[in-house]
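Have a look at the structure below, then the notes.
Because the structure is a prediction, the values reported are computed rather than measured. A, B, ... follow the sequence lines: proteins, then strands. Residue 1 opens every chain.
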2 protein chains.
Amino acid sequence: MKKNNKISTAVIRRLPRYYRHLEALHQNGVVRISSSALGERTGLTASQIRQDLSCFGEFGQQGYGYNVESLMTEIADIMGMNKGHTAVVVGAGRLGRALLANFPFGHYGVTLTAIYDIDPKLIGTTIAGVPVYPTNELNTRLAAQPVDIGILTVPPGVAAETANRLACLGVKGIWNFTNMELGLHLTDLVVENVHFSDSLLSLSYMISE
Amino acid sequence: MKKNNKISTAVIRRLPRYYRHLEALHQNGVVRISSSALGERTGLTASQIRQDLSCFGEFGQQGYGYNVESLMTEIADIMGMNKGHTAVVVGAGRLGRALLANFPFGHYGVTLTAIYDIDPKLIGTTIAGVPVYPTNELNTRLAAQPVDIGILTVPPGVAAETANRLACLGVKGIWNFTNMELGLHLTDLVVENVHFSDSLLSLSYMISE
DNA sequence: TAGATTGTTAATCGATTAACAATC
DNA sequence: TAGATTGTTAATCGATTAACAATC
């Protein structure tokens, strides 16, 4: 009984959190969990969890709760982890390489098809098993073989320009690690910003009380 | 006319965004801006901006708007950028080093006093001008000279344990880059999570519609 | 069966938006 | 002065919480 009304961003932002906790529970061999127990773990109310999940279907069972593994699988599916999303990384500097080395893209259902950089020393090599191409081949390569996500780890100076190119080349989403506001107002493009500075400044505020 | 009622997290999360845009405006030589113009830039309503700012004081002027530089300065101050916060980085792996190399801590009013790692090759060196100490000296060094913020870039396996040590050593905040839930429930400790996976999964959901 | 816990409806709470008098 | 734009109060909207019948 999927309900495609319109999911609020508040709910969407909580889905990965549910997933993270369910994954940990599953790894610890926990088979079932009630909304109240999950609430305790996640720091949310049982009511909110049931409300959130009910946006997508009926995954629980009265008197029992939720099966950890199947709820985990359902949420993974809802979040698009089984859509086979493809992505390219643009910018293989320290941050790009740290991400490539540490972040388990495959685990989240994202396949990296290429890395782009301007450094001649990197061209032709592979990083984390992904080939590095020169950035000036971005247009032709992506035109020939579109991808879903552009991961932006370029220096701030070329962030906006690169984002524009990615947008024109038809990516559906940009994962933006530059501290720049991309200012793209295309309705069909999603920009997810990872603004470290915003995060640190919030922390700074909260410890300054 | 500061009003210390209780600022909602929604407002706190928008402060860095205001700051970012004001900084850019200032760099472009813009001297004054109205709430509606700032709203257009930031994608928020003029009403919300005025409402938000009024939590902290009266920074504008009727018929004129806000002075970009002074509003920027005010917000910087509100966010604690002038508190002289100190921080240590724990974990000098790829991510830690990328952060050290790229992120302008000083610009946000945070002074790094030390880096801790277990790799003997790194001990005694400096990264981005900050000395690296062995992690087993964390307790004695922080006990002797407390810091405000612990930046957690250790591998997931030791995240919880390291966070606990930092908490016991009196840090006020933890900037958590591990994908782990730290599960510290100390009332006087603030944990700011940078969960890359949550961010990517939200993006994944949003492009999957 | 009796106890537990769901999904959902209704009530509450908080956050955003609109409106406007005050005033630069 | 007249026009613009603030800070703030009131109205609206949305999100969270509480309650409970349904049922495993």
State whether the side chain of [X] and the backbone N or O of [Y] hold a donor-acceptor pair below 3.5 Å, judged by distance alone.
| X | Y | answer |
| --- | --- | --- |
| A:Thr113 | A:Val88 | no |
| B:Asp77 | B:Thr73 | no |
| A:Lys83 | B:Ser208 | yes |

Please determine if a side-chain N or O atom of [X] lies less than 4.0 Å away from the OP1 or OP2 oxygen of [N].
| X | N | answer |
| --- | --- | --- |
| A:Gln48 | D:dT16 | yes |
| A:Ser47 | D:dT16 | no |
| B:Arg14 | C:dT16 | yes |
| A:Ser35 | C:dT5 | no |

- When you look for runs of 3 or more Watson-Crick or G-U pairs in a row, both distances below 3.5 Å, which of them include DNA chain C?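 Counting only runs of 3 or more consecutive pairs, the stems involving DNA chain C are C:3-24 with D:3-24.
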Nucleotide nearest [X] when distance is taken to its side chain, options [options]:
| X | options | answer |
| --- | --- | --- |
| A:Arg50 | C:dC20, D:dT17, C:dG7 | C:dG7 |
| B:Thr45 | C:dT17, C:dT23, D:dG7 | C:dT17 |
| B:Ser34 | D:dT16, D:dT6, C:dT6 | D:dT6 |
| A:Glu58 | C:dG7, C:dT6, D:dT5 | C:dG7 |

- Query: Ring centres of B:Phe196 and A:Phe177 under 6.0 Å apart?
  - Reply: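 B:Phe196 vs A:Phe177: aromatic centres under 6.0 Å.
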Rounded to whole Å, please give me the gap between [atom1] in [X] and [atom2] in [N].
| X | N | atom1 | atom2 | answer |
| --- | --- | --- | --- | --- |
| A:Ile12 | D:dG14 | CD1 | P | 15 Å |
| B:Gln61 | D:dT5 | CD | C1' | 10 Å |
| A:Asn67 | C:dT6 | CG | P | 13 Å |
| A:Tyr66 | C:dT5 | OH | C1' | 9 Å |
| B:Gln51 | D:dG7 | CD | P | 11 Å |
| B:Phe59 | D:dT5 | CZ | C1' | 17 Å |
| B:Ile49 | D:dT6 | CD1 | P | 9 Å |
| A:Ile33 | C:dA4 | CD1 | P | 17 Å |

- Query: So what does A:Ser36 touch, heavy atoms closer than 4.0 Å: a base, only the sugar-phosphate, or nothing?
  - Reply: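 Touches nothing.
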- Query: After noting the C-alpha distance and the side-chain angles of A:Tyr18 and A:Asp52, does the key distance pass the side-chain hydrogen bond (donor to acceptor under 3.5 Å, both in side chains) rule?
  - Reply: CA-CA 10 Å; A:Tyr18 296 142; A:Asp52 283 359; 2.6 Å; yes
- Task: Please tell me which of A:Tyr64 and A:Leu44 maps to the more 5' nucleotide of DNA chain D, matching each residue to the nucleotide holding its nearest heavy atom.
- Result: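 Looking at the nearest nucleotide for each, A:Leu44 comes out on the 5' side.
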Per-pair distances, 0.1 Å, donor-acceptor, side chain in residues 38-48 of chain B, under 3.5 Å, sequence neighbours excluded:
| unit_1 | atom_1 | unit_2 | atom_2 | d |
| --- | --- | --- | --- | --- |
| B:Arg41 | NE | B:His21 | ND1 | 3.4 |
| B:Thr42 | OG1 | B:Leu38 | O | 2.8 |
| B:Thr42 | OG1 | B:Gly39 | O | 3.4 |
| B:Thr45 | OG1 | B:Gln48 | N | 3.1 |

- Query: Are A:Arg13 and A:Glu192 within salt-bridge range, i.e. N to O under 4.0 Å?
  - Reply: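 A salt bridge links A:Arg13 with A:Glu192.
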- Query: Distance under 6.0 Å and angle within 45° of the ring axis: does A:Arg32 meet both against A:Tyr66?
  - Reply: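 No, cation not above the ring by the 6.0 Å, 45° rule.
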